[in-house]
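Order of the sequence lines sets the chain letters (A, B, ...), proteins ahead of strands, with each chain counted from 1. These numbers come from the heavy atoms of this one structure, side chains and all, not from hydrogens, waters or symmetry mates.
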2 protein chains.
Amino acid sequence: MNDKSYHHGDLAQELRLVAADLIAERGAGGFSLREVARRAGVSHAAPTHHFGDATGLLTAVAIDALRHLHAAVTNAAEGIDDPRRRLVAMGRAYVEASAAHPGHCAVAFRHDLVNETDPSYLEAADAAHGVFFATVAEIAETTAEPLDVGTATSLGWATMQGLVELYSNMEEIGERHGQGSPPPIGTVAEQFAEIIVKGFG
Amino acid sequence: MNDKSYHHGDLAQELRLVAADLIAERGAGGFSLREVARRAGVSHAAPTHHFGDATGLLTAVAIDALRHLHAAVTNAAEGIDDPRRRLVAMGRAYVEASAAHPGHCAVAFRHDLVNETDPSYLEAADAAHGVFFATVAEIAETTAEPLDVGTATSLGWATMQGLVELYSNMEEIGERHGQGSPPPIGTVAEQFAEIIVKGFG
DNA sequence: GATCGGTCTTGCCAGTGTCAAGATACTGTG
DNA sequence: CACAGTATCTTGACACTGGCAAGACCGATC
């Protein structure tokens with residue numbers, strides 16, 4: 001229970017950080033357990049003890065990603081009374097947090113690399129989802145026609161995650177069509193969110 | 001220029017198909033050049049000659065993915081005059097094509113695995129994007145307030161791609177909240193698209 | 001029929017994930 | 001304080017991977 005144990009203060013924590021750095025640097029495909037161990041200054045098998053296998057470590061990184069997203073979105077929501085304006089701010093915060101933690105968020109929803117049935121993962125995903133859900137539910141009370149809150153929440157989530165995934169492609173296509181680069185990703189997120197909120201009715 | 005060459009009729013084509021099958025089966029993380037070669041019945045270095053390296057083969061698979069998406073969306077659009085109804089049908093077709101070609105579409109936008117500067121890739125992406133753009137442009141002529149066509153197109157694209165990525169998570173969260181499973185992915189796509197089109201004004 | 005370029009194979013290397021076994025440091029108990 | 005036990009980490013091994021170099025083979029061209 002002591003904070004400092006053995007060689008490192010907290011090797012498990014350090015491994016998660018180093019892994020996220022490595023993914024940010026080389027992409028999820030360039031990730032390697034042994035390189036993580038090397039950068040952390042431990043032997044190649046040390047991560048196994050804490051995380052079982054590569055999937056275990058990547059799952060831990062994904063959980064950290066979800067917590068970062070959750071924290072950023074919650075923080076952005078604070079103090080905004082109008083639920084529509086709040087949802088727009090949350091969308092912006094979501095994509096900006098993804099950009100601020102590229103290593104973490106690059107693996108957050110990678111079904112082939114992460115064990116998405118891990119209880120901690122599900123819990124973290126629930127928490128992040130819940131923040132959006134609550135705000136959409138508030139909006140739903142103000143719409144002319146009834147709005148399915150679950151569907152509407154999923155829509156917002158999918159849009160923001162899709163934007164994170166495709167923003168670089170959008171830049172490329174914008175320039176190829178001579179439309180110039182799109183605005184910063186946070187601004188795009190706001191534009192998207194405003195159209196969606198309008199579509200809620 | 002003959003159709004049949006050497007051992008196989010068209011090894012490059014066969015390798016792309018086998019690679020897509022393998023990714024569909026094991027996920028993008030389970031992909032392996034040597035396993036692809038094994039399944040195609042050739043030596044482990046045969047793919048190198050056609051695609052250079054693993055990125056080359058995966059880029060080819062991604063290009064096939066974009067072409068599948070393009071074809072499916074174009075096909076779905078045919079014969080629908082109302083651009084709003086057409087866009088909804090295209091959204092459905094997009095996600096259903098992704099579900100029908102999971103191996104291809106799992107790598108279509110994976111910046112760490114695919115060379116997205118490949119001219120053929122850019123061309124295929126342009127083509128798919130263009131179909132959406134044209135329909136959104138038609139819609140934009142009917143809106144009360146002016147609609148930025150580029151932004152609106154990107155919104156639709158991001159939403160559909162995000163849905164493809166997150167649908168399994170949505171299923172999980174829906175069941176955990178006792179809301180039951182969401183509808184089939186094509187139906188969700190329609191629901192999303194209808195809200196978005198409404199938001200276009 | 002010899003030559004030659006395109007196609008594929010064989011062999012090799014460093015690097016990887018995972019497992020088993022051992023060494024080391026911390027912890028609690030007498 | 002001694003000693004045993006456990007969590008932590010290391011070492012060593014294995015099969016596997018991607019990429020390279022060298023060679024073998026086929027098919028067509030002169």
With a non-hydrogen cut-off below 4.0 angstrom, is His50(A) in contact with a base, only sugar-phosphate, or nothing? sugar-phosphate
Taking atom P of dG17(C) as reference, at what distance in whole Å does atom CZ of Phe51(A) sit? 14 Å
Rounded off to whole Å, could you give me the CG-to-P distance for the Leu113(B) and dG18(D) pair? 12 Å
Interatomic distance, Leu33(A) atom CG to Asp53(A) atom CG [nearest 0.5 angstrom]: 8.0 Å
Over how many whole Å does the gap from Arg34(A) atom CZ to dA14(C) atom C1' extend? 11 Å
Distance criterion of 3.5 Å, no angle test: do you see the side chain of Arg38(A) paired donor-to-acceptor with the base of dG15(C)? no
Report the distance from atom CG of Asp10(B) to atom P of dG6(C), rounded to the nearest whole Å. 17 Å
Grab the CZ-P distance between Arg26(A) and dG15(C) for me, whole Å please. 11 Å
Would you tell me if any nitrogen or oxygen in the side chain of Thr48(B) comes within less than 4.0 Å of OP1 or OP2 on dC20(D)? no
Give a yes-or-no answer on whether the side chains of Arg84(A) and Thr142(A) include a donor-acceptor pair shorter than 3.5 Å. yes
Roughly how many Å is it from NE2 in His49(A) to C1' in dC26(C), rounded to a whole number? 13 Å
Do the rings of His101(A) and His104(A) sit parallel, tilted or perpendicular, given the 30° and 60° boundaries? perpendicular
Between dC19(C) atom P and Asp53(A) atom CG, what is the distance in whole Å? 7 Å
Nucleotide of dG17(C), dA20(C), dT17(D) approaching Ala45(A) most closely (side-chain heavy atoms): dA20(C)
dT11(D) phosphate, OP1 or OP2: any side-chain N/O from Ser43(A) under 4.0 angstrom? no
Salt bridge or not for Asp126(A) and Arg176(B), using N-O below 4.0 Å? yes
Would you mind telling me which of dT7(C), dG18(D), dT18(C) lies closest to the side-chain atoms of Ser32(B)? dG18(D)
In this structure, how many angstroms lie between the P atom of dC16(D) and the CG atom of Leu33(A), rounded? 19 Å
Nearest heavy atom decides the nucleotide; on that basis, is Ala12(B) or His44(B) closer to the 5' end of DNA chain C? Ala12(B)
Do the ring planes of Trp157(B) and Phe109(B) sit parallel (below 30°), tilted (30 to 60°) or perpendicular (above 60°)? perpendicular
